[in-house]
Amino acid sequence: RPVYDFRGQVALVTGAARGIGLATSRAFARNGAVVVLSDHDGDLAGEEAERIVAGGGEALALACDVADEDDVATLLGEIDARFGRLDMAFNNAGIQVPPSDAADEPLSSFERVTAVNQRGVWACMKHELRLMRRQGSGAIVNCSSLGGLVGLPGRAAYHGTKHAVIGMTRSAGVEYAPRNIRINAICPGTIDTPMVQDMLESQPEAMVEIRKQQPIGRLGTAEEIAEAVLWLCSPAASFVIGVALPVDGGFTAH
Ligand code: NAI
């Protein structure tokens, strides 16, 4: 059931083809927004956009690799050409790399995860802000992680990128607060998505450990993250700026 009235507003979600990005795209559409589902898997994003449209929502898929700034500039240029505005953006696209002893982590892992998770958010935010600055309004949510708030063994590169997302969010958040643009970050705990399923396939014993780590005793759902993203984008969060909001079943409180 819709909670917000996002009719007439344009929302961009990166990494929208599956997992948290897909659940958030569906939630934006349910609440009346025109949703741009962007993903480097353009075919899958296209199928999901068609499903939203078939269900009565307004959606469009545009392929983009967030690690490539030219691609990101083209994406925002297309949004500008089609709609002339961008009201909400969820910079969600991100990848994991295999856990590694900090003394052994290959440079290629560091570079891959940094290019998508850190440089990708930086590039998206930069080009989104150009549209929002022009119109004098907007809300951006960047996807960090519990890994942006705490450290865990084997995770130096990935957690480093997620800490960086919070730093960029705070800096740009204070910079754009006087210009009616709110920028916040979301920090999901362990969420049942294809990313986590892929990881568990290679380490099935990890599931018991992961459940134990969550005070709530279960994994989160992508829909539970979508709820928080929509709230951060909505007028209900009009005084919320530069926060890193944990949605993690109590993990970081523990
Ligand atoms: P997922 O792997 O299920 O989905 C990610 C989507 O991003 C995919 O559709 C993929 O094609 C797309 N993507 C990957 N690289 C891209 C690129 N360079 N350009 C454009 N799109 C790209 O992942 P999930 O679990 O939905 O995660 C989404 C975000 O949430 C990520 O930033 C992740 O780091 C973060 N997160 C996830 C947690 C979890 O437990 N699932 C926990 C904390 C944070």
Side-chain angles (χ1 to χ4, degrees), residues 3-4 6 9-41 44-45 48-49 52 57-67 72 75-76 78-79 83 85-95 116-118 120-129 131-132 137-145 148 161-162 165-166 168-169 172-173 176 181-188 191 193 195 220-237 240-247:
V3 179
Y4 308 106
F6 289 148
Q9 298 199 33
V10 179
L12 165 65
V13 178
T14 68
R18 63 180 213 182
I20 292 170
L22 177 57
T24 307
S25 300
R26 288 177 177 159
F28 271 130
R30 233 180 2 256
N31 285 272
V34 178
V35 191
V36 179
L37 289 89
S38 183
D39 204 281
H40 69 164
D41 187 338
L44 190 53
E48 295 299 346
I52 289 174
E58 283 191 73
L60 160 78
L62 293 173
C64 171
D65 176 357
V66 298
V72 173
L75 168 69
L76 273 299
E78 281 188 53
I79 291 172
F83 306 109
R85 61 185 300 109
L86 177 66
D87 300 286
M88 303 174 283
F90 180 34
N91 296 322
N92 159 78
I95 57 168
V116 180
N117 295 10
Q118 181 174 352
V121 168
W122 172 83
C124 287
M125 201 165 61
K126 171 176 167 181
H127 291 275
E128 289 155 0
L129 279 171
L131 267 70
M132 291 179 176
S137 65
I140 294 176
V141 177
N142 293 323
C143 194
S144 179
S145 164
T161 66
K162 294 302 188 180
V165 167
I166 294 176
M168 294 190 289
T169 300
Y176 274 87
I181 296 166
R182 294 184 305 101
I183 308 174
N184 291 290
I186 187 116
C187 299
I191 310 302
T193 67
M195 177 191 273
T221 66
E223 289 71 25
E224 287 174 310
I225 303 304
E227 290 284 351
V229 174
L230 262 68
W231 175 74
L232 282 171
C233 286
S234 78
V240 182
I241 287 171
V243 304
L245 179 68
V247 182

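- The local environment of CD in E227 is sparse, with at most 12 non-hydrogen atoms from other residues, nucleotides or ligands closer than 6.0 Å.
- Contact annotation: the side chain of L60 approaches that of F83 to within less than 4.5 Å [non-hydrogen atoms, C-beta and beyond].
- Within the model, atoms CD1 of I186 and CH2 of W231 stand 9.5 Å from one another, a figure rounded to the nearest 0.5 Å.
- Side-chain contact between V121 and C143 is absent, with no heavy atoms from C-beta onward closer than 4.5 Å.
- Here the closest non-hydrogen pair linking P188 and I225 is CB-CD1, 3.7 Å.
- Residues forming a side-chain hydrogen bond (donor to acceptor under 3.5 Å, both in side chains) with N92 (at least two apart in sequence, or on another chain): none.
- In this structure, N31 contributes its side chain and Y4 its backbone to a donor-acceptor pair below 3.5 Å.
- Looking at N117, its side chain does come within 3.5 Å of a backbone N or O of I95 through a donor-acceptor pair.
- You'll find the side chain of T193 stays beyond 4.5 Å of the side chain of R18, heavy atoms only.
- In this structure, G21 and V13 approach most closely via the heavy-atom pair O-CG1, 3.5 Å.
- Counting only heavy atoms from C-beta outward, the side chains of L12 and L86 approach each other to under 4.5 Å.
- Nearest heavy atoms, A93 versus T14: N-OG1, 3.0 Å.
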**Item:** Worked check of side chain to side chain contact (heavy atoms under 4.5 Å, CB included) between F90 and I20
**Value:** CA-CA 10 Å; F90 180 34; I20 292 170; 3.9 Å; yes
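- Once rounded to the nearest 0.5 Å, the distance linking CD of Q9 with OG of S234 reads 10.0 Å.
- Without hydrogens or angle criteria, D87 side chain to V10 main chain gives a donor-acceptor distance under 3.5 Å.
- Using a 4.5 Å heavy-atom threshold, the side chains of S38 and V66 count as separate.
- The distance from atom CD1 of I166 to atom CG of N184, rounded to the nearest 0.5 Å, is 11.5 Å.
- With contacts defined as side-chain heavy-atom distances shorter than 4.5 Å, the pair L245/V240 does not qualify.
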Name each donor-acceptor pair under 3.5 Å that joins a side chain in residues 122-129 to protein atoms two or more places apart or in another chain, with its distance.
unit_1: K126; atom_1: NZ; unit_2: E69; atom_2: OE2; d: 2.8
unit_1: H127; atom_1: NE2; unit_2: E69; atom_2: OE2; d: 2.8
unit_1: E128; atom_1: OE1; unit_2: N91; atom_2: ND2; d: 2.9

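- Scanning both residues, A33 and M88, for their nearest heavy atoms gives CB-CE, 4.1 Å.
- Summarising the geometry, atom OG1 belonging to T169 is positioned 13.0 Å from atom CZ belonging to R182; distances are rounded to the nearest 0.5 Å.
- Here the side chain of R30 pairs no donor or acceptor atom with the backbone of V3 at under 3.5 angstrom.
- For E48, the side-chain hydrogen bond (donor to acceptor under 3.5 Å, both in side chains) test picks out R26, R51, with sequence neighbours left out.
- Remark: C187 SG to K162 NZ distance equals 9.0 Å, nearest 0.5 Å.
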**Evaluation steps, side chain to side chain contact (heavy atoms under 4.5 Å, CB included), between V247 and I191** = CA-CA 10 Å; V247 182; I191 310 302; over 6 Å; no
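- Closest non-hydrogen pair, A59 versus L37, comes out as CB-CD1, 3.8 Å.
- With hydrogens and angles disregarded, no donor-acceptor distance shorter than 3.5 Å links the side chain of S144 to the backbone of V165.
- The distance from atom NE2 of H40 to atom SG of C64, rounded to the nearest 0.5 Å, is 10.0 Å.
- Between Y176 and I140, the closest side-chain pair of non-hydrogen atoms is not below 4.5 Å.
- Listed here is the closest heavy atom pair of A16 and D39: N-OD2, 3.1 Å.
- At least one side-chain heavy atom of V141 sits less than 4.5 Å from a side-chain heavy atom of C233.
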